[in-house]
Each structure stands twice: as structure tokens, then as C-alpha cells.
Enquirer: 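Below is the structure I would like to discuss, written out as C-alpha cells.
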2 protein chains.
Amino acid sequence: MAEPSTAPGNGETIPAPAHAGEVRAEAPARIQTIALVDDDRNILATLSISLQAEGFATRVYTDGEAALKALLDNPPDLAIFDIKMPRMDGLSLLQALRAQSSLPVIFLTSKDEEPDEALGLAMGADDYIAKPFSQRLLVARIRAILRRSELVRAPIDADSGESLPDTVVRGRLQLDPARHQVAWDGTPVSLTVTEFLILEALAMRPGVVKSRNQLMDAAYSEDVYVDDRTIDSHIKRLRRKFRAVDPEFAAIDTLYGAGYSFADG
Amino acid sequence: MAEPSTAPGNGETIPAPAHAGEVRAEAPARIQTIALVDDDRNILATLSISLQAEGFATRVYTDGEAALKALLDNPPDLAIFDIKMPRMDGLSLLQALRAQSSLPVIFLTSKDEEPDEALGLAMGADDYIAKPFSQRLLVARIRAILRRSELVRAPIDADSGESLPDTVVRGRLQLDPARHQVAWDGTPVSLTVTEFLILEALAMRPGVVKSRNQLMDAAYSEDVYVDDRTIDSHIKRLRRKFRAVDPEFAAIDTLYGAGYSFADG
DNA sequence: TTATTTTTCCCCAGATTTGACGGAAAAGGG
DNA sequence: CCCTTTTCCGTCAAATCTGGGGAAAAATAA
């Protein structure tokens, strides 16, 4: 198996390539570093390449103790441990790490290790992923966790900062993302999760046409695909529920051949 | 492309049946191509047929090296590799491919393979599927991945970035791609998707003559060919719709023998 | 487990859109 | 001015899309 340029020894930081493979806008792109700890060098190499392609810098360790030291000394933004490792396994490593650090950690587990999940999470891992897994899933989890920890780290700036608008109002629609609650002219309408997500995607950008694919993206995780008509079904039920409250309801427009949109106020 | 068309069973592009099963939203039907790499011709044949039935075009390779070359030369929309293959196995193939391309890849794995070794390494792929799998599952995964890569390519919208150049104004014409909305002197004109795309192509470059072929490219994602007269028909409908709003409308010029253009403002 | 929701899929009838045709009209060339 | 080429326009049948009604499948709750 081809090895990465340098033998995956311990701790070299491999910068991400300049043109990160995937597009990610967000903040003024600071390259984030991820530490990988696993005894299998092939896995390390593959993971490393994948993550670099996604725009992360990586640091790899095959030895738990060495890793621990480095993680404390010069913490990355996130660490990924294999649960099973020879000298010092992932759980012990996490335990030792947690004594001094709150670094975000993702566990890798083999399929046949159900109980470890609970255990790992209880011990303070931020997430765990069962092998084998897709690159897509891993990257999604990583980004989710990094986003979360950034929010914590950069807490509610000024006092005024907490200004997350509780409810979004779009004409006669009131929508409360935090509570998953919706009302029309003040009358509450009870929606299922999927319905809510689709409505939210539409209502957040009134007038903008959302294709069925875009709505799927809003309502489902990235690795799920459902039939286009399924979106239609949800729209159907949304309309029905709103019509039950207001027979004249017509705020969800169909754009033949394009998708749906929420009527501008 | 430098086709290694000599190698039997390598690289024939098999067109999908005319009436593809799936619906397209934004731009009219572009048939997507999937490359299949596997040493087992039976599997290739079966997969190929299944996928064609779902409206994909397929390209099959039994040889890893030939596949690599073709994938780089003339990339499909997505590739599916069997992990185990004689000359160049799926893992090496992926690694080699990843060095130069971010083409979406799905791995096929056998159930009885060393779970940790092989599967752990499959992580550089975008997704993997364990054999045996249902056709339904495979197609769902494929669509999920294609949807995602389409979404990446298309939208700049994002939740936060309000910085969308919303409407394009060309003289008395206002045109809003995101909303699929068009107005003349402020009066809305309702267009179909095809009409919209053609008008957009013209209006984006006022005064520039667009040949019918160019307009076709704008309206049909490059795979579909229709009669020249059909463009005329769309122009006709466009003019009619605008004239309904402004009898003097004359912003779409005919360039005899060349094509059409949108009048400079 | 069984009972309820929720979600997905399928199918059809009715609308809408589309590509193509044919003849009339307009433009260009000599 | 005549003839040829190209475009315009009305029309129509075919293709495509949408709105629902359900039923089957999954997910949740009890």
C-alpha cells in the first residue's frame, strides 16, 4: 500500500493543500488541524489524505502515549481515536486526556462494539463513528463538532449578542425554529419534523424557488435520497394542514418544472 | 478522449433509454453517467442494466488501469469500484484517482472480507456498499451523492450570505434568477423554465448575438438536441408574452441567418 | 410486543409545457 | 422584380409535471 510521503511517524503536521477539495464558505477560512490516532498506518494514511482533501491539516500518531503528550502540548482543533489500540487504547487515552483538556474527540469503533458507544460518550467523547464509514459521514461529523465547539469558544459576544430571533415572521406565518413551532395568523399548526424542515427552508427565503433537491437537502442528512414525489407529498400535507386553519391558504407556490417557493409578503 | 476502445469490455458508453425515469428541476434533463469498475462481468452487466433502467448512462471497465486513465481523461459523474480486483484493486485505484480528481466514488465490498483491513481503507471513498445489496439501496446512494455534488456546484445562497445579486436589470427588463421571476416595466411576466433560460441567456449579454445552438446549450444542459425551429417557437412565445404586457415590445431582435439578441438598453 | 404516527412510494387524472409541422410573411441576393 | 432562404405564427399531439388519494414501510410511542 502506498504510503504518504513521510512514513507516518508521529506528529508531523501535514498542511492541507491550497485548493481545498470542497467548497466551504463560512468564516475567513482558518485551516483547522485534526489529530489522528490509530495503530493502523494504512488507515492513518487514507484518513489523512481524505481530510486534507477536505481542507483540514492533519497530524498522525500511531502511539497512544506519544499522542497524549502531543495533544496536551500542542492541541489540534479536534482528535480522532481508534478505540482499539495496542499500548494505550482509545478509552484510556480519552480518560487521560479529559483530565486536562476538553479537546473535541471522535471515536472510531468497529461494527461489533455496541456497548462502547455509550461508554465512550459517557467518558466524554463528542461523537463516535462505526467502521467502516464513508468519507462523507466522517467529514460531516467533524464539521458539526467543530462548529459546535467554535460556538462555545466564541460565546455570546457582547451582552446584546444572544439576539437569536426566537420566532421568524413571514407575513401571516410565524415560525419558531428553536421550538419547531409554527402558527398561521397566530393559530398554531402542528407539523412533523420533516414538514417543519421543508417549510422552514421555504419560509427562510420568501419568493426564492427551491428545487426538490434543495428541499431534500434541507430536510435530510446528505446521504439520504428519497423520491422527488416524496417532497410533493410533504408539500401536500403542509398545504392541507394550513388549509385546515385557513381555507384560503395559498402561501406555498408551485413553480412548474422548477420547485416550490414561499409567497413573498 | 484517448479511448482504449481496444480492450474488450472497457469503456463503451451505453446510453440510457430515452425516457429517463427521473425528474429534473433546475435545468432540463441531463443524463448522468456512471462508470463501473469490476472484474466480474456478470456483476458489471447486471449493474449496468439496473442503472440504465434508472435513467443513467453507464460505462464499464474490467481493468483498473484502463479505468483510471479513462476516469481522468473523460470523467463521468460518479464511479463505482469493486474493492477487490486483480491487476489494480479498488483501493489502489482510488488512491491513484484521488491524487488528481475529486470524482465521487462508491465502493462495493464483499461481506466476507476482512472487516477492518479492507473496509477501514475504504474510507477515502464517498460511500461504500456491502454486497449483496439491493438495487434500491444502490440507486438511493447514487442519487444522494449526485444530489450533493450538484448542490455544491450550483448555489451560492447559503443561509447567512445575504449578498446575492438578486435581480438583473436590463433596461426595462428585470430578471431574477433565484425566483424565476421576470418583469417588464415592473409588470410581472410568467415564463416557463425553458423560456426563462433562453431569455436569461440573451439578457445576460445585451446586444450579443446568440445562435440557436448557443441558446439550446443555455436551455438544455448540453446533452439534448432539438430542432432549430424549436428555439424559434420559444422566441415566439417569449415575444407573445411580453407583447401581452407591452404591445410595443421589441427587445428581442432577430439577426437574419445568425440568431437572436437582446436589445441594448 | 402492539398500536400509532410518520414517511415513503405508487398511481392516476388533469394541467401545463414542449417540440414539431406547415403555410404565410419577411429578408436577402441578383 | 423574382427567387431563395430564413423566420414567424397558429396549431396539435406527445411528453412532462403536479395534486391528491391511498397503501405499504419505517419509525415512534405505548
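Chain identifiers are assigned alphabetically (A, B, ...) following the order of the sequence lines, protein sequences preceding nucleic acid strands; residue numbering begins at 1 within each chain.
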Enquirer: Between the side-chain atoms of K236(B) and the base atoms of dT18(C), is any donor-acceptor pair under 3.5 Å?
Expert: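 Answer no: no donor N or O sits under 3.5 Å from an acceptor.
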Enquirer: Might you point out which heavy atoms bring Y260(B) and L255(B) nearest each other, and give the distance in Å?
Expert: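 Where Y260(B) meets L255(B) most closely, the heavy atoms are C-CD2, 4.2 Å.
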Enquirer: Any donor-acceptor pair under 3.5 Å between the side chain of R237(B) and the base of dG10(D)?
Expert: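 Absent.
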Enquirer: Please state whether the phosphate of dT6(C), meaning OP1 or OP2, lies under 4.0 angstrom from any side-chain nitrogen or oxygen of T192(A).
Expert: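 So the side chain of T192(A) is outside the cut-off, no N or O lying under 4.0 Å from OP1 or OP2 of dT6(C).
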Enquirer: Check the phosphate of dT17(C) against H234(B), side-chain N and O only, distance under 4.0 Å to OP1 or OP2. Yes or no?
Expert: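 Negative; the distance criterion is not met.
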Enquirer: Between R239(A) and R136(B), which is nearer to the 5' end of DNA chain D once each is assigned its nearest nucleotide?
Expert: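 Comparing both residues, the 5'-ward one is R239(A).
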Enquirer: Closest heavy-atom contact between L108(A) and D82(A)?
Expert: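 Minimum heavy-atom contact is O-OD1, 3.4 Å.
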Enquirer: Starting at CZ of F196(A) and ending at P of dT7(C), how long is that distance when rounded to a whole Å?
Expert: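 It is 13 Å, rounded to the nearest whole Å.
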Enquirer: Quick check on dG20(D): is either OP1 or OP2 less than 4.0 Å from any side-chain nitrogen or oxygen of R229(A)?
Expert: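 Indeed not, no polar side-chain atom of R229(A) lies that close.
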Enquirer: Provide, to the nearest angstrom, the distance between the CG atom belonging to L255(A) and the C1' atom belonging to dT16(D).
Expert: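 Going from L255(A) (CG) to dT16(D) (C1'), I get 16 Å.
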Enquirer: Mind calculating the distance between CG (D232(A)) and P (dC11(C)) to the nearest angstrom?
Expert: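 Distance check: D232(A) CG to dC11(C) P gives 16 Å.
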Enquirer: Which nucleotide sits closest to the side chain of R240(A): dG19(D), dG21(D), dG10(D)?
Expert: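 Looking only at side-chain atoms, R240(A) lies closest to dG21(D).
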Enquirer: Answer with yes or no whether Y256(A) presents, from its side chain, a donor or acceptor under 3.5 Å of a partner atom in the base of dT16(C).
Expert: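 Check passes, donor-acceptor contact within cut-off.
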Enquirer: Using atom CE of M216(B) as one end and atom P of dT18(C) as the other, report the distance to the nearest whole Å.
Expert: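 The answer, rounded to whole Å, is 15 Å.
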Enquirer: Using a 3.5 Å distance criterion without hydrogens, assess whether the side chain of R239(A) forms a donor-acceptor pair with backbone atoms of I252(A).
Expert: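 It does hold such a pair.
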Enquirer: Output yes when at least one side-chain N/O atom of T254(A) is less than 4.0 Å from OP1 or OP2 of dG19(D), else no.
Expert: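 It does, given that an N or O in the side chain of T254(A) lies less than 4.0 Å from OP1 or OP2 of dG19(D).
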Enquirer: Taking only side-chain nitrogens and oxygens of T194(B), does any of them come within less than 4.0 Å of OP1 or OP2 of dT18(C)?
Expert: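 So the side-chain polar atoms of T194(B) do come within 4.0 Å of the phosphate oxygens OP1 or OP2 of dT18(C), strictly under.
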Enquirer: Are R172(B) and D185(B) within salt-bridge range, i.e. N to O under 4.0 Å?
Expert: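 Between D185(B) and R172(B) there is a salt bridge, with a charged N closer than 4.0 Å to a carboxylate O.
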Enquirer: What is the distance, to the nearest angstrom, from the CG atom on D227(A) to the P atom on dA25(D)?
Expert: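 One finds 16 Å between P of dA25(D) and CG of D227(A), rounded.
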Enquirer: To the nearest angstrom, how far is I231(B) atom CD1 from dG19(C) atom P?
Expert: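 Value for this atom pair: 8 Å.
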Enquirer: Mind calculating the distance between CZ (F242(B)) and C1' (dC8(D)) to the nearest angstrom?
Expert: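 About 18 Å, once rounded to whole Å.
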Enquirer: Using a 4.0 Å heavy-atom cut-off across all strands, classify Y225(B) as base, sugar-phosphate, or nothing.
Expert: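 No contact.
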Enquirer: Ignoring the backbone of E195(B), work out which of dT18(C), dG22(D), dG19(C) is nearest its side chain.
Expert: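 Nearest to the side chain of E195(B) among the choices is dT18(C).
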Enquirer: Assign each of T230(A) and K241(A) to its nearest nucleotide of DNA chain C by heavy atoms, then name whichever residue's nucleotide is nearer the 5' end.
Expert: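 The answer here is K241(A).
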Enquirer: Could you tell me whether the phosphate oxygens of dT7(C), OP1 or OP2, come under 4.0 Å of any side-chain nitrogen or oxygen in Y220(A)?
Expert: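 Answer is no, no contact under 4.0 Å.
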Enquirer: Work out which heavy atom in K241(B) is nearest to a heavy atom in E195(B); give both atom names and the distance.
Expert: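 Nearest pair, atom of K241(B) first, then E195(B): NZ-OE1, 2.8 Å.
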Enquirer: Does Q174(A) reach the main-chain N or O of G186(A) with its side chain, forming a donor-acceptor pair under 3.5 Å?
Expert: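 Yes, because the side chain of Q174(A) sits within donor-acceptor range (under 3.5 Å) of the backbone of G186(A).
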Enquirer: I need the CZ-P distance between R243(A) and dG21(D), as an integer number of Å.
Expert: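 From R243(A) CZ to dG21(D) P: 8 Å.
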